[in-house]
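What follows is one structure encoded as structure tokens, with my remarks underneath.
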Amino acid sequence: MIDVRTKILGLVGYPVEHSLSPLLHNQAIKRLNLNYVYLPLPIKPENLREGIEGIRALGVLGVNVTIPYKEKVIPFLDELDSLANKIGAVNTIKNNNGILKGYNTDVSGFARMVEKDGGCKIKGKKAMVIGAGGASKAVITALCSKGIKELYLLNRNEEKGKNLIEIYKSKFPDVYFIAGGIRPEFYFSLVKKIDLLVDTTPVGMAPKENVDPVIIPEALHSNLLVIDLVYNPGETTLIKAAKKRGAKTLNGLGMLIYQGSESFQIWTGYTPEISHWKKIIKIK
Ligand code: NAP
């Protein structure tokens with residue numbers, strides 16, 4: 001029951017209607033019998049500064065940060081933990097008595113999903129990552145930290161992708177990197193060499209689910225693990241195309257669960273039961 005001692009958690013983004021985080025966190029709160037509530041907190045782009053200030057002013061204990069603010073919130077925070085600082089993207093904020101500290105739990109959430117749910121050891125593998133935003137940084141950091149051998153980055157804004165890869169080249173000198181645009185003449189032959197394809201763009205996300213996959217289906221093959229970070233819908237056009245070609249697939253639900261469980265731990269000190277969350281959203 002909500003009373004004067006109820007602590008507020010929430011989700012900052014725009015829009016936030018697609019998110020399953022309120023459902024998961026409120027179920028964990030109930031199961032652990034804690035006096036917290038987790039609310040959707042949409043902030044329009046023109047109000048981002050005031051919205052983040054509002055966390056401090058209202059004494060909100062913590063929030064998750066989603067699209068499109070994982071990088072944009074950083075100037076409004078007081079502190080960053082070392083990983084969030086290293087990659088320049090924040091998906092979790094904790095309010096420590098008015099001091100707002102940013103964290104990134106997407107990195108470990110992604111790695112856990114690939115290795116646990118995808119049954120894929122990252123070390124020594126070759127991967128292609130599509131997109132160069134906040135989620136992409138978490139994915140690239142996770143792959144490089146876990147010993148990926150080769151990493152190919154595709155981005156719509158080619159220059160942005162190339163700049164991002166330059167930063168990672170110096171941080172992870174043992175990884176072989178190539179960056180280019182989302183152009184079949186660039187990626188088609190590279191896809192044939194990889195083990196892991198990760199789409200970190202919002203292409204195919206509800207309500208715009210009926211769009212062409214970000215790369216052409218003819219490039220996909222059965223030796224791939226194809227991951228789309230989008231989880232609503234559960235099967236994007238990319239995932240459908242990958243299944244048709246015999247590839248193993250994962251949507252973003254596993255990452256959502258693992259990153260969410262670490263965020264919940266940061267705010268409350270308690271760990272939600274992963275199997276309960278998986279049951280709620282019906283994944284094994
Ligand atoms: P972001 O920072 O806004 O970055 C989006 C990236 O996607 C940019 O590189 C952008 O390319 C690219 N992009 C956008 N629209 C595109 C299009 N029509 N065609 C090709 N590329 C396009 O967003 P984000 O925070 O990284 O989030 C991206 C997606 O990942 C969202 O759908 C989000 O829900 C999902 N996500 C899921 C989880 C999870 O737990 N499952 C966690 C994090 C994120 P340009 O650079 O050219 O603009």
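Remember, it's 1-based here, ligands and their atoms both numbered in the order they're listed.
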Item to complete: Could you name the option among Asn232, Val198, Asn155 that has the heavy atom nearest to atom 45 (P) of ligand 1?
Response: Asn155
Worksheet item: To which of Gly181, Gly260, Gly133 does the heavy atom nearest atom 8 (C) of ligand 1 belong?
Response: Gly133
At what distance is the nearest protein heavy atom to [atom], and which residue and atom is it?
| atom | value |
| --- | --- |
| atom 30 (O) of ligand 1 | Thr200 O, 3.6 Å |
| atom 5 (C) of ligand 1 | Pro202 CD, 4.0 Å |
| atom 16 (C) of ligand 1 | Arg156 NH1, 3.2 Å |
| atom 41 (N) of ligand 1 | Gly252 O, 2.8 Å |
| atom 47 (O) of ligand 1 | Asn157 N, 2.9 Å |
| atom 26 (O) of ligand 1 | Ala135 N, 2.8 Å |
| atom 34 (O) of ligand 1 | Met205 SD, 3.8 Å |
| atom 3 (O) of ligand 1 | Ile67 CG1, 4.1 Å |

Which atoms of ligand 1 sit under 4.0 Å from any heavy atom of [X]?
| X | result |
| --- | --- |
| Lys70 | 25 (O), 42 (C), 43 (C), 44 (C) |
| Val203 | 16 (C), 17 (C), 18 (N), 19 (N) |
| Gly131 | 9 (O) |
| Val230 | 32 (O) |

Close side-chain approach of [X] and [Y], heavy atoms under 4.5 Å:
| X | Y | result |
| --- | --- | --- |
| Phe110 | Val198 | yes |
| Ile140 | Leu164 | yes |
| Lys121 | Glu115 | yes |
| Leu143 | Leu196 | yes |
| Thr141 | Lys86 | no |

Worksheet item: Is the shortest distance from a Lys or Arg side-chain nitrogen in Lys137 or Glu71 to a carboxylate oxygen in the other one below 4.0 Å?
Response: yes
Hey, does [X] come in under 3.5 Å of ligand 1, counting only N/O atoms on both sides?
| X | value |
| --- | --- |
| Tyr231 | no |
| Thr66 | no |
| Gly134 | yes |
| Ala132 | yes |
| Ile182 | no |

Worksheet item: Are the side chain of Asn26 and the backbone of Tyr38 linked by a donor-acceptor contact shorter than 3.5 Å?
Response: yes
Item to complete: Say whether, by atom type as modelled, one donor and one acceptor occur between the side chain of Asn47 and the main chain of Ile43 under 3.5 angstrom.
Response: no
Worksheet item: Hey, is CG on Asp78 packed in by over 12 heavy atoms from elsewhere, all under 6.0 Å?
Response: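 Counting other residues, nucleotides and ligands, CG of Asp78 exceeds 12 neighbours.
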Discussion item. Is the contact between Lys160 and ligand 1 made by the side chain, the backbone, both, or neither, using heavy atoms and a 4.0 Å cut-off?
Written reply: side chain
Worksheet item: For residues 181-205, which residue pairs qualify under ring pair (Phe, Tyr, Trp, His ring centres under 6.0 Å), counting only residues two or more places apart or in two chains?
Response: none
Discussion item. Protein heavy atoms near atom 37 (C) of ligand 1, is at least one of them under 4.0 angstrom away?
Written reply: yes
Fill in: Over-ring placement of Lys171 relative to Tyr168, 6.0 Å and 45° cut-offs
yes
Practice prompt. Decide yes or no on side chain to side chain donor-acceptor pair (under 3.5 Å) for Thr237 and Asp212, but give the supporting numbers first.
Written response: CA-CA 7 Å; Thr237 46; Asp212 286 337; over 6 Å; no
Practice prompt. Could you point out which residue of Glu166, Glu158, Glu159 forms a salt bridge (charged side-chain N to carboxylate O under 4.0 Å, His left out) with Lys162?
Written response: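 Testing each of Glu166, Glu158, Glu159 against Lys162, the sole residue satisfying salt bridge (charged side-chain N to carboxylate O under 4.0 Å, His left out) is Glu158.
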